[in-house]
Protein chains: 2
Amino acid sequence: MSAPAPDPRRAEETAGGAAAAAVAGRDVSRLRLWLRMLDGSNLVQRAIRQRLRDAYNVTLPRFDLMAALDRAGPDGMTMGQLSRRLRVSNGNVTAVVDRLAKEGAVVRRSPPEDRRTSFIALTEEGRRQFAEMAVAHLGWIDDLLAGLDDAEVAELTRLMEKARTTAQARVDAAAGEQTGEPR
Amino acid sequence: MSAPAPDPRRAEETAGGAAAAAVAGRDVSRLRLWLRMLDGSNLVQRAIRQRLRDAYNVTLPRFDLMAALDRAGPDGMTMGQLSRRLRVSNGNVTAVVDRLAKEGAVVRRSPPEDRRTSFIALTEEGRRQFAEMAVAHLGWIDDLLAGLDDAEVAELTRLMEKARTTAQARVDAAAGEQTGEPR
DNA sequence: CTTAAACATTTTAAGCTTAAAATATTTATC
DNA sequence: GATAAATATTTTAAGCTTAAAATGTTTAAG
């Protein structure tokens with residue numbers, strides 16, 4: 001006679017402290033998925049940060065900001081546009097742009113018709129630097145994810161997109177409950 | 001006669017700056033996957049940070065550290081064990097433990113036989129707090145990922161695990177090239 | 001025993017990040 | 001035209017994070 005096989009989706013009671021006890025018996029499959037997602041993306045992110053630093057002495061936030069500007073037109077983008085695009089606070093953009101400007105990678109320009117705003121654009125040198133880094137970056141990602149074949153890449157992309165969409169819907173719903181959302 | 005359909009895996013030349021030109025024609029499917037992974041995990045992470053803050057006035061690094069301690073035995077863990085487990089620097093653990101200790105959630109103890117080291121453990125109150133937060137945390141993750149059915153959760157977990165493993169192998173290989181790895 | 005090496009942690013300097021307050025400018029209202 | 005509201009950005013205070021240097025302790029070699 002064999003004991004009944006435990007359901008691998010359920011939390012076990014064998015080890016851990018108070019939290020393990022409180023969560024015992026619940027379905028932890030989505031929690032496990034989240035921990036894998038976090039682990040995987042943190043691993044790749046650490047590797048990319050390290051390589052950007054070693055090869056170009058640049059940080060990921062600066063790389064991301066330059067990437068946004070490289071896609072923008074010749075006028076560049078305003079601080080507010082950068083903040084929304086990169087999903088970081090206004091103050092953060094101010095700080096990162098300050099450093100990039102000091103290095104000569106970007107310039108600030110304020111239009112005379114609205115002196116509140118300022119347009120940030122890559123300099124010639126900044127654009128040249130970014131083009132070089134972008135090619136290396138693409139190569140690093142291909143290297144790090146080379147163990148997935150094309151079908152797996154396509155399936156994983158599809159599922160991550162679905163996960164993102166569903167999570168975004170829940171976040172939006174929670175934000176609606178805060179303010180008085182129109183019924 | 002119709003024009004040949006463009007391969008969706010290839011980068012197009014239509015828009016963007018110098019980087020878009022430099023990367024034109026290359027397979028960007030893994031890059032696209034990486035951007036989806038980053039987007040998805042950042043979205044969930046932001047939501048969790050927000051909810052931890054609103055509900056318990058706690059940050060994600062403190063929650064993660066308490067989670068590690070909750071799993072550990074009654075003696076807790078040393079600073080070095082925490083640093084390796086959480087994959088953060090020694091100095092970082094010092095800073096986060098300092099704050100948790102000031103709040104009364106953890107205690108430091110140095111064994112008399114080795115005064116270099118120190119064991120960090122949850123206090124009664126810290127353990128109680130964490131148990132409560134862990135239950136809420138599990139609920140939030142289930143909520144945010146509720147749009148994926150059980151089969152999708154299983155498949156996504158499997159693929160993320162594979163992505164992590166392959167990326168780890170590449171990171172290890174790169175580290176080996178740095179030092180003189182034994183042939 | 002003395003000294004060097006190894007080990008565990010803390011400190012420091014620099015940078016990233018946010019929320020909230022402050023500043024400056026423009027637009028709308030009376 | 002004065003005033004209020006809206007808009008765009010910067011500043012500030014607090015916390016997270018790292019790499020590298022510094023500190024204190026233990027172990028190993030002689």
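In what follows, every chain begins at residue 1, and chains take the letters A, B, ... in the order their sequences are listed. What you are looking at is a predicted structure, and each value in this text was computed from that prediction instead of being measured. Below, each value reflects all heavy atoms present in this structure, side chains not excepted, and no hydrogens, waters or symmetry copies.
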Q. Counting any heavy atom closer than 4.0 Å, what does Ser89(A) reach on the DNA or RNA strands: base, sugar-phosphate only, or nothing?
A. base
Q.
Applying a 4.0 Å non-hydrogen cut-off, can you work out what Asn92(B) is touching in the nucleic acid: base, sugar-phosphate, or nothing?
A. base
Q) For the base of dT25(D), is there a side-chain donor-acceptor partner from Arg115(B) under 3.5 Å away? A) no
Q | Nucleotide nearest Asp114(A) (side chain, heavy atoms from C-beta), chosen from dT10(D), dT26(C), dT26(D) | A | dT26(C)
Q.
Under 3.5 Å, is there a donor on one side chain and an acceptor on the other for Gln45(B) and Arg49(B)?
A. yes
(Q) Regarding Asn90(A), tell me which of base, sugar-phosphate or nothing describes its non-hydrogen contacts under 4.0 Å with the strands shown. (A) base
Q) Contact class for Arg46(B) (heavy atom, under 4.0 Å): base, sugar-phosphate, or nothing? A) nothing
Q. Aromatic ring centroids of Phe63(B) and Phe130(B) under 6.0 Å?
A. yes
Q. Does Arg62(B) put a side-chain nitrogen or oxygen below 4.0 Å from OP1 or OP2 of dC16(D)?
A. yes
Q.
Taking 4.0 Å as the cut-off, does a side-chain nitrogen or oxygen of Arg108(B) come that near to OP1 or OP2 on dT10(C)?
A. yes
Q: Pick base, sugar-phosphate or nothing for Arg87(A), based on heavy-atom distances below 4.0 Å to the nucleic acid.
A: sugar-phosphate
Q: Determine the contact category for Ser83(B): base if any of its heavy atoms lies under 4.0 Å from a base atom, sugar-phosphate if only primed atoms, P, OP1 or OP2 are that close, otherwise nothing.
A: nothing
Q) Between dC7(C), dT18(C), dA19(C), which one does the side chain of Val88(A) approach most closely? A) dT18(C)
Q. Between atom CZ in Arg109(A) and atom C1' in dT9(D), what is the gap in whole Å?
A. 17 Å
Q) Rounded to whole angstrom units, what separation is found between the CG atom of Asp64(A) and the C1' atom of dG15(C)? A) 15 Å
Q) Does Thr117(A) place a side-chain N or O at less than 4.0 Å from the phosphate oxygens OP1/OP2 of dT9(D)? A) yes
Q: Please work out if Gly91(B) contacts a base, only the sugar-phosphate, or nothing of the nucleic acid, heavy-atom cut-off 4.0 Å.
A: base
Q: Report which part of the nucleic acid Arg49(A) touches: base, sugar-phosphate, or nothing (heavy-atom distance under 4.0 Å, all strands).
A: nothing
Q: Take the protein atom CG of Asn57(A) and the nucleotide atom P of dA14(C), then report the distance between them rounded to whole Å.
A: 14 Å
